[in-house]
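Shown next, in structure tokens, is the structure this report addresses.
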Number of protein chains: 2
Amino acid sequence: MLKVNETKTPQTVADHAQIVRPHPHCAHHIKGDDCRVCQVRPLGICAVLEPDEWATIEQISQTVPFAERDTLVSETDDCTHFYSITAGVARLIRHLPDGRRQVMGFALPGDFLGLSLGKAWSFSVEAITPMTTCRFARHAIVQLVDQKPHFLMRMHEMASAELNLAQDHMVLLGRLTAEEKIGTFLLEMRRRWARIDGHTSQNVPLPMGRQDIADYLGLTIETVSRTINQMQRARHLVIVPDGIRLMDAAYFEHLSPSV
Amino acid sequence: MLKVNETKTPQTVADHAQIVRPHPHCAHHIKGDDCRVCQVRPLGICAVLEPDEWATIEQISQTVPFAERDTLVSETDDCTHFYSITAGVARLIRHLPDGRRQVMGFALPGDFLGLSLGKAWSFSVEAITPMTTCRFARHAIVQLVDQKPHFLMRMHEMASAELNLAQDHMVLLGRLTAEEKIGTFLLEMRRRWARIDGHTSQNVPLPMGRQDIADYLGLTIETVSRTINQMQRARHLVIVPDGIRLMDAAYFEHLSPSV
DNA sequence: TGTGACGCTTGATCTGGATCAATGCAGGTT
DNA sequence: AACCTGCATTGATCCAGATCAAGCGTCACA
């Protein structure tokens, strides 16, 4: 039951809009896109492929768009397809029976859903903005991984990086204060956007809502709102449409114990 | 500055002692052990190897024992060796500059340290009991992984399982109450011991101290102690030397929202 | 130009778990 | 036996962040 809302534009601050907005060239194709023009190839799973292997990937991929609020995969689903995100932002989320939620992370352009290669998803993925994805049948990727060890190695590298992030996040959830959690989160988002668009800006797009941030950091929506507004009153940041602007980098780096 | 205490026996309840105690046949050899008698081979990274490949592994492995409180690896170290745990229990831990700690997990027999294949450790590993390990030079494993794709696939499977556990733990840290955290932890430990010794017992060995449990669950030592003792007063469990005995499985399963 | 829904903010109050402070207890050492 | 050291337990008190409860602004649509 997917609610489709194609008219709404992604919520991002101006200097990132061209990244998050679905790539106009490919958003409505059915067959896989032209890898030669893929904007996220150097970031994602395909970075390890040689140009002569692009045709192989193109043949087993389809471009699939999603609207805001669509569910890409549900934690109860079997895993029939994997996704490489080419535009837009999604949340990876686990639901408890009583309605509590934990957001495991946010999937940004270049991220791959299905790194574990397993047959079952262990989380739901929900589009926060309109999205464009490269979709692969699971069996095709399993076959590719069998044939090309360097592709498997790339999957393993990315899964290892994911495990590292998960461990960073365990420290955050288990041992940081609300202020430290928010500060660490904002630095993390700045770092991840910088990797995507290649330049460091003090503007940090936050396409996810306050509730998603709260469920990511193990806080309530009220504490997230209060803490960000306190930081604004203290002139450490400015709240801008669809994000924030860091005004005091030293404050945030001092706040983040792990970095 | 490692305090060596070879005389002390592992702290486990009786029906698990033979698993955690260093294997007398091999504890003091320098060269790698005989894979044919390895008790954890079916559990660990080596489960995927055919008998004719055991010789390869034996040639690149050494048996290395550690005493209680030894540091196997430090989070600041470069990663020169990997370890497969054949006996004993260790904690995987991150330290914050101000002394706060987060225990990322506990390594039990069959677990492999170095799944990410990366050049740097992202956590310290400290022996909780006397341990026996199979040690491998990093370059030898990297070479093996290059030559034997099914070995890399096994590494990837185990890393994926680890990522899944990490995500379970994020839910626990971010959204469960103290009582739910303790209950989930006890069930997790029972499940892991059952996998090692092959039968389900209501006795759950807890070789780690209360402080380690607290740092694993994002609680304080006082809350851990209080909660476990409340459970005992409510007849849900009995505290026994070096562990606990579950008396009311239904209570614990009802308490653990994810399972 | 209303109006209703939704997301965010802000204030008042409450409370689960942290902090502070003893005490107990088992093992190891002299 | 006396002493020490490192856990674990238990009680008293505190407080960061949760909960409860309004408001506010924006936007889609009537």
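In what follows, every chain begins at residue 1, and chains take the letters A, B, ... in the order their sequences are listed.
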note: B/Glu179, atom CD; C/dG17, atom P; distance rounded to Å ~ 9 Å

Of all the choices, D/dA18, C/dT9, C/dA18, which nucleotide is nearest to the side chain of A/Thr223 once you look at every atom?
D/dA18

Please report, rounded to the nearest Å, how far the P atom of C/dG16 is from the CG atom of B/Leu217.
19 Å

Could you tell me the separation between the CZ atom of B/Arg69 and the P atom of D/dT5, rounded to a whole number of Å?
14 Å

According to the interplanar angle, ranging from 0 to 90°, do the rings of B/Phe106 and B/Phe185 count as parallel (below 30°), tilted (30 to 60°) or perpendicular (above 60°)?
tilted

Would you mind classifying the nucleic acid contact of B/Arg233 as base, sugar-phosphate or nothing, using non-hydrogen atoms under 4.0 angstrom?
sugar-phosphate

Do B/Glu222 and C/dC20 share a donor-acceptor pair, side chain to base, under 3.5 Å?
yes

Between C/dA18, D/dA18, D/dT10, which nucleotide has the shortest distance from any of its atoms to the side chain of A/Leu219?
D/dA18

Atom-to-atom span, CD of B/Glu68 to C1' of D/dT5 - whole angstrom:
14 Å

Rounded to whole angstrom units, what separation is found between the CD1 atom of A/Ile228 and the P atom of D/dG17?
14 Å

Side-chain atoms of B/Arg226 come closest, of D/dA12, D/dT9, C/dT9, to D/dA12

On DNA chain D, does the nearest nucleotide to A/Thr177 precede the nearest nucleotide to B/Val224 from the 5' side, or the other way round? Give the residue.
B/Val224

Mind running ring-ring contact (aromatic ring centres under 6.0 Å, His included) on B/Tyr83 and B/Phe112 for me, showing each step along the way?
CA-CA 6 Å; B/Tyr83 300 86; B/Phe112 188 84; 8.8 Å; no

Spacing between A/Ile213 atom CD1 and C/dG7 atom P, to the nearest angstrom
13 Å

Rounded to whole Å, how long is the line connecting atom CE of A/Met231 with atom P of C/dT9?
13 Å

Toward the 5' end of DNA chain C, which comes first, A/Ser225 or B/Leu176, by nearest nucleotide?
A/Ser225

State whether B/Asn229 places a side-chain N or O below 4.0 Å from either non-bridging phosphate oxygen (OP1 or OP2) of D/dT10.
yes

Distance from B/Arg175 atom CZ to A/Asp98 atom CG, nearest 0.5 Å?
11.0 Å

Nearest to the side chain of A/Ala178, heavy atoms from C-beta on, is which of D/dA8, C/dG17, D/dG17?
D/dG17

Please report, rounded to the nearest Å, how far the P atom of C/dG17 is from the CG atom of B/Asp215.
17 Å

Go through the steps for A/Arg101 and A/Gln211 under the test side-chain hydrogen bond (donor to acceptor under 3.5 Å, both in side chains), then give the verdict.
CA-CA 10 Å; A/Arg101 310 189 319 164; A/Gln211 186 63 61; over 6 Å; no

Candidate pair A/Thr220 and A/Thr223, rule side-chain hydrogen bond (donor to acceptor under 3.5 Å, both in side chains), full reasoning:
CA-CA 5 Å; A/Thr220 59; A/Thr223 300; 3.1 Å; yes

